[in-house]
There are 2 protein chains.
Amino acid sequence: MADKVTIATVAAHANVSRQTVSNVLNTPHLVREETRERVREAIAVLGYRANQAARLMRTGRSHLLAVRIEPTRDGINGSVLDRFLHGLTEAAAPAGYRILLYAAADDQAEIATYDDLLATYELDGFVLTSTHHGDVRTSWLAERGVPFVTFGRPWGRLGADARTEPAALSGAAGSHPWVDVDNAAGTAAATRHLLDAGHRRIGFIGWPEGSGVGDERRAGWAATAGADLPELARATVDGVAEGEAAAHDLLSISDPPTALVCASDSLAAGAYGVAPPGVAVTGFDDTAVARVLGLTSVAQPLAEAAARCVDLLAGVLDGGAAPHPVLLPPSLVIRQSA
Amino acid sequence: MADKVTIATVAAHANVSRQTVSNVLNTPHLVREETRERVREAIAVLGYRANQAARLMRTGRSHLLAVRIEPTRDGINGSVLDRFLHGLTEAAAPAGYRILLYAAADDQAEIATYDDLLATYELDGFVLTSTHHGDVRTSWLAERGVPFVTFGRPWGRLGADARTEPAALSGAAGSHPWVDVDNAAGTAAATRHLLDAGHRRIGFIGWPEGSGVGDERRAGWAATAGADLPELARATVDGVAEGEAAAHDLLSISDPPTALVCASDSLAAGAYGVAPPGVAVTGFDDTAVARVLGLTSVAQPLAEAAARCVDLLAGVLDGGAAPHPVLLPPSLVIRQSA
DNA sequence: CACCTCGCTTTGAACGTTCAAGGTGATAGA
DNA sequence: TCTATCACCTTGAACGTTCAAAGCGAGGTG
C-alpha cells in the first residue's frame, strides 16, 4: 500500500518493458504465452491497476458516462429515475464504465454542462432522459459527434423507424440510438385486463396532448378500449388533486365509465380516492405510492432499460456501428384497485 | 471547436509561457496585473478549459467525489437517497467537484470498490450513507487516510463529541467528519405536536433495537411523550404490513393510545390504514407516500445535508483542518393524519 | 562597484500511460 | 551466404498539466 504501483513497477517485477505490460493488458495476442503469464502474475502480486487519468491522456477515452439527475418532481414518479440510475451504475461497472452525475436547471444549462464535462473530463458519452419534442440537446450532441443514448425515443420525428437512418455518430441530423419502454403496450395491457374483468366502458385520464409519452399512453388505451371516445378521456396536468378532479368529472357524465386507466400513479392515486367501490383504476410506473395504495399499475423494466442503454453506448464507443434502437415491453402489476 | 485548446494555445495567444497561464489559474497573485488580464482574455476568447486528467496526473487531485447508490429498498424511503443525491450534485458543482456513482451489494463489496476507484480514478473523497454500528467501511477508509464524510453519525462510539478528536485525516482510529439529521428532535417535534393537539397517550412504532437511527427516533418520542412506557412502544421490521400489525396490536391493549408516532412512512402508512378515525398518526421522511396519504411526517433537510457534506469534504481536501460535525434539525410537515 | 533581494517570468522535468517506430534473433527461401 | 519474414520485445515520444528551479531586470545596500 506504500508506493504507487505503476506499469513500470510491474515491468520491473516481470523483467519486461513497460510496453509489454501494456500489451498484455490491451492486446494480449501480441505477447508470448509464457511472458503473458509472468506479467499477469506480477500484476496480481503487486495489485496493479491501470491509472485511468494517464490512460485517458493517451487514448482520449475516460470510460466515464454522464447522466443528469433531475430534481424530484412530485416525488411520486421521482423514484423512477432513482431505479434507472441504479440500473445504469450496475450495468456500467462490468462494462468498464463509471457514471458521473450532473444537475441542470433546463436544457440550455444542460448543454453548457455538456460543454464543460467534455472539455474538462473528456466524457465518453451521455445518457439522456426525459426526451421531448424539439429537444435541443440531442441535436447539439449529434452535431458535435458526441456519443449518446436517450432513454425515451426521439420525438422530433414520428414512429419507431429510427433504424432506417444510416449513422448516429456521423453528426447527421436524424436519428440516434435510443431505448424506450412501449408506453402504448402498457396502457393497452391495463385496458385489456379491465376488459377481461368485464368492464365495457373504460375511461382514460392523461396529460395534455403534445407530450410524446402521454400521447402514447393514450393511444394504447384508445386502440384497446374499443373506440376512442373523446367523452371518456380527460387531459390534465399531472398531480393527485388533478387526478381527483378528472375522475370526478368523468364519473359524473351520463353512462359513466366503470374503470379508469390513468397515465401516471399520481393521477391514479387521486382517481382511486374518489372512485366509488367497484370502479377499477390503474396507474403507471408502479411507484411506491401504487404499492401502498394497492393500485394496479404498469411497471417499466427500468433495470433492463438501463442495461440496454449501457449496451448501446458501449457499442457505439467500441464498435462504431450504429446500434438498433430498443423497445421494451412493460408489465402489469395487478393489485386490489383493478 | 476544431482543435483542442490547451494551455499552450492560450500561452501562445497571450505571448507568455505555459507556466504563467497555469499561475493565472492557480496562483494569480504571482502574476502581474496586466499579464493576468491578457491571459484571462485569451482564455475567454479561446474558450479554454483546464483538462482534469492532465491536472490530476500532476496534482493527484481528481475533483471527483464518489457516492454509493443503493437499490431502492421498499421504494417508499428510497426517494430520500434520490433527493440527497440531487442535493450533492448541485452543491458539488460550484465547489468544483463532480459526483461519481457506484453500486455495491454489501460493505465488503463496497470496500473493494473503494480500492478500485482510488487506484484507477484517484478519487478525492467519499460520501457514505447508511452508516451503522460496527461499520467496517469507515475504519478501512480512515486507516488509509482517505478523506470521507458520512451522512449519518458514527455509531461505533456514542454521543456527538467527535470534535474533541484531533484529526480526521490522520488515519487515527476515532472520529471523522459527519453530517446528520437530529432524528430524536424529529420524533420529539411530532410527539409535541400531538400533545398540543390534546393527545395524552401516544404510542410509538419503530424498528428493533440496535439500529442507531431507529433508537434515536424512539428516544425522541420517549423523552417527549411523558414517560417511556414499554407497553406503548412496538418494534418491528420496516414495512407497510408490519406497520398495520403493530398498530393493530397497540390499539387493542387496554387504555390504548390515541396517537401513533412512527419511525418511517412505511410503518405510518400501514398504521394509518387500520387506525380508526380520531387516532392520529405521524411518519418520518416526508416521502411521496406521506404526501398522497395525507400523513403528517418529519421532513429531513436533505438538500442542506448534502450541501454540508460537500462543505465538510471540501474543507478536509483543501484546508486539512478536521471540520466540526453538523447536526441539522428536521421539520414537521403537518397534514390530515395528525 | 559588487552583491543581494524582490517581483515576475520562463525552462525543463515529471505524472503514468499508449502510440509509432525500431530492434533482435530465429527460421525460411533464394 | 545473403536476405526476407516473422514473432516478440524494447525504446523514445507524446498526451496537458503543474512542480521545482532558475533566469532576469530593477532597485537597494554595504
Side-chain angles (χ1 to χ4, degrees), chain A residues 3-40 42-43 46-64 96 116-124 318, chain B residues 3-40 42-43 46-64 96 116-124 318:
Chain A
D3 311 303
K4 273 194 192 174
V5 179
T6 78
I7 218 169
T9 324
V10 177
H13 192 275
N15 260 313
V16 292
S17 67
R18 298 184 319 270
Q19 185 59 37
T20 299
V21 178
S22 176
N23 284 336
V24 169
L25 294 171
N26 303 310
T27 45
H29 64 276
L30 289 182
V31 181
R32 184 155 44 110
E33 171 83 33
E34 183 204 317
T35 318
R36 210 188 305 151
E37 277 317 309
R38 191 150 36 92
V39 171
R40 289 225 167 101
I43 289 178
L46 297 168
Y48 165 77
R49 288 175 140 117
N51 181 309
Q52 281 296 339
R55 173 173 282 183
L56 163 57
M57 276 241 275
R58 269 316 277 176
T59 62
R61 295 275 306 268
S62 60
H63 293 269
L64 245 34
D116 190 48
L117 287 173
L118 287 170
T120 62
Y121 284 96
E122 302 186 61
L123 265 89
D124 282 353
D318 297 334
Chain B
D3 311 304
K4 272 195 191 172
V5 179
T6 78
I7 218 170
T9 324
V10 177
H13 192 274
N15 258 313
V16 292
S17 67
R18 297 185 320 269
Q19 185 59 38
T20 299
V21 178
S22 177
N23 283 336
V24 169
L25 293 171
N26 303 310
T27 45
H29 64 276
L30 290 182
V31 182
R32 183 154 45 107
E33 171 84 32
E34 186 205 315
T35 318
R36 208 187 307 151
E37 278 317 309
R38 191 149 37 90
V39 172
R40 289 224 167 100
I43 288 177
L46 297 169
Y48 167 76
R49 289 175 141 117
N51 181 309
Q52 281 296 340
R55 174 173 280 182
L56 163 57
M57 276 241 275
R58 269 315 280 175
T59 63
R61 295 276 305 269
S62 62
H63 293 269
L64 246 33
D116 190 49
L117 287 174
L118 287 170
T120 60
Y121 286 96
E122 301 187 62
L123 265 89
D124 282 354
D318 298 334

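Letters A, B, ... mirror the listed sequences (proteins, then strands); counts begin at 1.
The CD-C1' distance, from B:Gln52 to C:dC15, rounds to 15 Å in whole Å. Rounded to a whole Å, the NE2 atom of A:His29 is 15 Å from the P atom of D:dC6. Between B:Met57 atom CE and C:dA14 atom C1' there is a gap of 9 Å when expressed in whole angstrom units. A:Lys4 has its NZ atom 9 Å from the P atom of C:dT17, to the nearest Å. Rounded to an integer number of Å, the gap from CG of B:Asn23 to C1' of D:dA21 is 13 Å. Across the protein-nucleic acid pair, A:Asn51 atom CG and D:dC15 atom P stand 18 Å apart, rounded to whole Å. Atoms CZ (A:Arg38) and C1' (D:dC9) sit 11 Å apart, rounded to a whole Å. Counting to the nearest Å, the P atom of D:dC8 and the CD atom of A:Glu33 are 10 Å from each other.
A close approach under 4.0 Å does occur between a side-chain nitrogen or oxygen of B:Thr35 and OP1 or OP2 of C:dT9. Applying the 4.0 Å criterion to OP1 and OP2 of D:dT18, one finds that B:Thr59 has every side-chain N and O outside that range. Between A:Ser17 and D:dT10, a side-chain N or O to OP1/OP2 separation shorter than 4.0 Å is present. For the OP1/OP2 pair of D:dG16 and a distance below 4.0 Å, the side-chain nitrogens and oxygens of A:Tyr121 include no atom meeting the criterion.
Taking the side chain of B:Ile7 as heavy atoms from C-beta on, and the options D:dT17, D:dT10, D:dG16, the nearest nucleotide is D:dT17. With distances taken from any side-chain atom of B:Gln19 to the nucleotides D:dT10, C:dT10, C:dG16, the minimum falls on C:dT10. For A:Asn26, counting side-chain heavy atoms from C-beta on, the closest listed nucleotide (C:dT9, C:dT18, D:dT17) is C:dT18.
One N or O donor and one acceptor, one from the side chain of B:Arg18 and one from the base of C:dG12, sit under 3.5 Å apart. With hydrogens and angles ignored, a donor-acceptor pair under 3.5 angstrom links the side chain of A:Arg58 to the base of C:dT18.
With rounding to the nearest 0.5 Å, the separation of CZ in A:Arg38 from NE2 in A:His13 is 11.0 Å. Within the model, atoms OG1 of A:Thr35 and CG of A:Asn15 stand 11.0 Å from one another, a figure rounded to the nearest 0.5 Å. One distance of note links OG of A:Ser17 with CG of A:Asn23; it measures 8.0 Å at 0.5 Å rounding.
Although no hydrogens or angles enter the test, the distance criterion places no donor-acceptor pair under 3.5 Å between the side chain of A:Ser22 and the main chain of A:Arg18. Checked by atom type and distance alone, the side chain of A:Arg36 pairs as donor or acceptor with a backbone atom of A:Val31 at under 3.5 Å. When atom types are taken as modelled, the side chain of A:Arg49 and the backbone of B:Thr120 share no donor-acceptor pair closer than 3.5 angstrom.
Note on A:Ala50: only backbone sugar-phosphate atoms sit closer than 4.0 angstrom, heavy atoms only; bases stay farther off. Within the 4.0 angstrom heavy-atom criterion, base atoms lie near B:Thr20.
Taking the nucleotide of DNA chain C with the nearest heavy atom to each of B:Val31 and A:Val5, the more 5' of the two is matched to B:Val31.
Residues B:Asp318 and B:Arg61 have side chains in contact (heavy-atom distance under 4.5 Å, counting atoms from C-beta outward).
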(request) Both distances under 3.5 Å, Watson-Crick or G-U wobble: on that basis, could you give the dot-bracket string for DNA chain D, with [ ] for crossing pairs and | for other-strand partners? (result) ||||||||||||||||||||||||||||||
(request) Would you check, one step at a time, whether the test side chain to side chain contact (heavy atoms under 4.5 Å, CB included) holds for B:Leu56 with A:Gln52? (result) CA-CA 10 Å; B:Leu56 163 57; A:Gln52 281 296 339; over 6 Å; no
